[in-house]
Protein chains: 2
Amino acid sequence: MTTRTTSRTPLSRERVMTTAVELADRAGLEALTMRNLAHELGVEAMSLYYHVTNKEAILDGIVDTVMGEINERVTMVTPPASPADWKRALRERILTAREVLLRHRWGPEVIESRTNVSLETMKYFDGVLAVLRAGGFDYDLAHHAMHALGSRALGFTQELFEPEDPGTDDPETMEMLALMAADFPYLVGMMSEIAHDDPGSTLGWCDDQTEFVFGLDLILDGLDRLIGTSGK
Amino acid sequence: MTTRTTSRTPLSRERVMTTAVELADRAGLEALTMRNLAHELGVEAMSLYYHVTNKEAILDGIVDTVMGEINERVTMVTPPASPADWKRALRERILTAREVLLRHRWGPEVIESRTNVSLETMKYFDGVLAVLRAGGFDYDLAHHAMHALGSRALGFTQELFEPEDPGTDDPETMEMLALMAADFPYLVGMMSEIAHDDPGSTLGWCDDQTEFVFGLDLILDGLDRLIGTSGK
DNA sequence: ACCTGAACACCGTTCAAGT
DNA sequence: ACCTGAACACCGTTCAAGT
């Protein structure tokens with residue numbers, strides 16, 4: 001309870017990283033400042049620079065940390081039992097990565113911002129490649145596959161366009177929809193039909209999961225069809 | 001030539017946005033600060049706040065500007081001549097959007113950071129939906145399709161993992177590869193084989209274009225197969 | 001109506017100095 | 001070896017004041 005015991009534990013690169021992850025998890029990425037992080041560690045901001053070259057290094061480090069967490073979990077996925085089993089194995093790996101990233105919501109943003117690749121990230125992709133090779137992909141097709149998956153290989157997609165759920169019971173948003181209908185007939189058509197069929201379907205994480213899996217399976221099935229084909 | 005004529009042109013929201021786009025194009029997103037932008041307009045930073053509520057509004061504005069540019073170009077794509085023609089039309093639209101975004105490299109990053117959807121973005125997606133509907137998609141499948149495409153619908157994917165091209169003639173990187181081979185056998189295998197088959201294949205925009213189109217076609221073909229199917 | 005100077009609260013970071 | 005105080009160069013932004 002005393003601040004002394006806490007601040008007694010000597011600072012270390014390790015402790016900086018794990019505390020940074022905790023801070024970002026709890027308070028969001030914008031709260032991860034050098035001063036905040038130092039305060040969390042019971043130390044002054046400038047002390048961090050003794051253990052870490054700069055903030056970029058911290059961001060590199062926390063990406064490596066979560067990728068390490070993913071790699072730990074992903075080794076528990078049973079490897080492909082046969083070449084035809086590659087799809088199941090990769091699917092499970094990717095959905096496992098997604099689970100970890102859902103506990104670190106800042107993950108995608110920071111991962112995308114990195115310019116240096118982390119060792120744990122390389123390890124993850126090496127594992128992806130291993131599964132593809134086991135499934136009969138030559139390196140060329142495997143290369144294409146990794147690009148086709150993009151960030152989906154890591155379990156996330158950046159949603160660009162997440163319009164509000166049109167709560168059909170709210171008269172104000174209905175009025176809004178009517179106004180928009182003139183300019184965006186298809187968008188309004190889709191939103192109202194989907195809201196009608198399954199109210200609340202565009203809400204929250206549950207639905208995103210469905211969409212993620214839909215897109216993932218579409219790509220995996222597409223790739224499956226290309227194995228052994230000479231045409232790319 | 002005199003600064004007077006330049007600074008004579010009265011400031012306006014419009015002029016702020018177009019200058020912001022120019023500045024970001026020329027000097028990168030990190031150069032787009034209120035002070036820099038004001039200087040570019042021959043004015044003090046605080047003057048901007050008279051025409052624009054804050055920096056977020058500027059970012060919203062420049063996204064709207066490039067999306068407007070995309071919409072302008074995309075209307076020139078010939079609409080689907082028949083339902084079966086949907087794929088060609090959508091493909092052309094998306095590749096057109098990509099061309100515009102390649103002239104505004106900051107586009108993807110800023111687009112992804114937006115929380116308010118812009119009108120021009122809605123217009124773009126309305127156009128995408130129009131093509132899908134013309135191709136026989138019901139709204140439910142069209143909705144899935146948009147999620148499956150994700151940022152690809154706008155012509156970009158964020159590359160997470162762009163290892164350096166292993167210049168096979170550089171002995172230093174070859175040594176590095178040998179060291180990595182123990183930990184990442186598949187990654188190194190792929191990199192060396194692809195470098196061998198087609199040296200420089202992972203370099204530059206040309207290759208990214210190939211990969212983008214590969215992934216796009218994979219998804220479009222996958223979707224094509226689902227039209228009219230009751231199973232999602 | 002339109003623009004500005006001075007000031008504020010925040011950043012990341014350097015450097016000489018403390019123990 | 002490890003940590004810190006003071007300071008610097010930058011942010012975005014507010015507000016009262018100028019024309």
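Throughout, protein chains are lettered first and strands after them, A, B, ... in sequence-line order, and every chain is numbered starting at 1.
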From [atom1] of [X] over to [atom2] of [N], roughly how many Å is that when rounded to an integer?
X       : N      : atom1 : atom2 : result
B/Leu48 : D/dG12 : CG    : P     : 10 Å
A/Met34 : C/dT14 : CE    : C1'   : 13 Å
A/Arg15 : D/dC2  : CZ    : C1'   : 13 Å
A/Tyr49 : D/dA7  : OH    : P     : 18 Å
A/Arg35 : D/dA7  : CZ    : C1'   : 11 Å
A/Glu30 : C/dG12 : CD    : P     : 12 Å
B/Glu44 : D/dC15 : CD    : C1'   : 16 Å
A/Asn54 : D/dA9  : CG    : P     : 20 Å

Could you identify the nucleotide paired to D/dC15, looking across every strand shown and requiring Watson-Crick or G-U wobble geometry with both distances under 3.5 Å? C/dG5
I want to confirm an ordering. Mapping A/Asn36 and A/Met46 to their closest nucleotides on DNA chain C, which one lands closer to the 5' end? A/Asn36
Whether the side chain of [X] engages the backbone of [Y] through a donor-acceptor N/O pair (distance < 3.5 Å, no angle test) should be reported.
X        : Y        : value
B/Tyr124 : B/Ala153 : yes
A/Asp126 : B/Tyr186 : yes
A/Thr19  : A/Val16  : no

Just distance, no hydrogens or angles: give the donor-acceptor pairs under 3.5 Å from side chains in residues 57-66 of chain B, sequence neighbours left out.
from    : atom 1 : to       : atom 2 : distance (Å)
B/Asp60 : OD1    : B/Arg114 : NH1    : 3.0
B/Asp64 : OD1    : B/Ser118 : OG     : 2.8
B/Asp64 : OD1    : B/Leu119 : N      : 3.4
B/Asp64 : OD1    : B/Glu120 : N      : 3.3
B/Thr65 : OG1    : B/Gly61  : O      : 2.9

Where each residue is assigned the nucleotide of DNA chain D containing its nearest heavy atom, which of A/Val43 and A/Tyr50 is assigned the position nearer the 5′ end? A/Tyr50
Taking D/dG12, C/dC3, C/dT13 as options, the one with an atom nearest any side-chain atom of B/Ser47 is C/dC3
A/His51 side chain: which of D/dC3, C/dG12, D/dG12 is closest? D/dC3
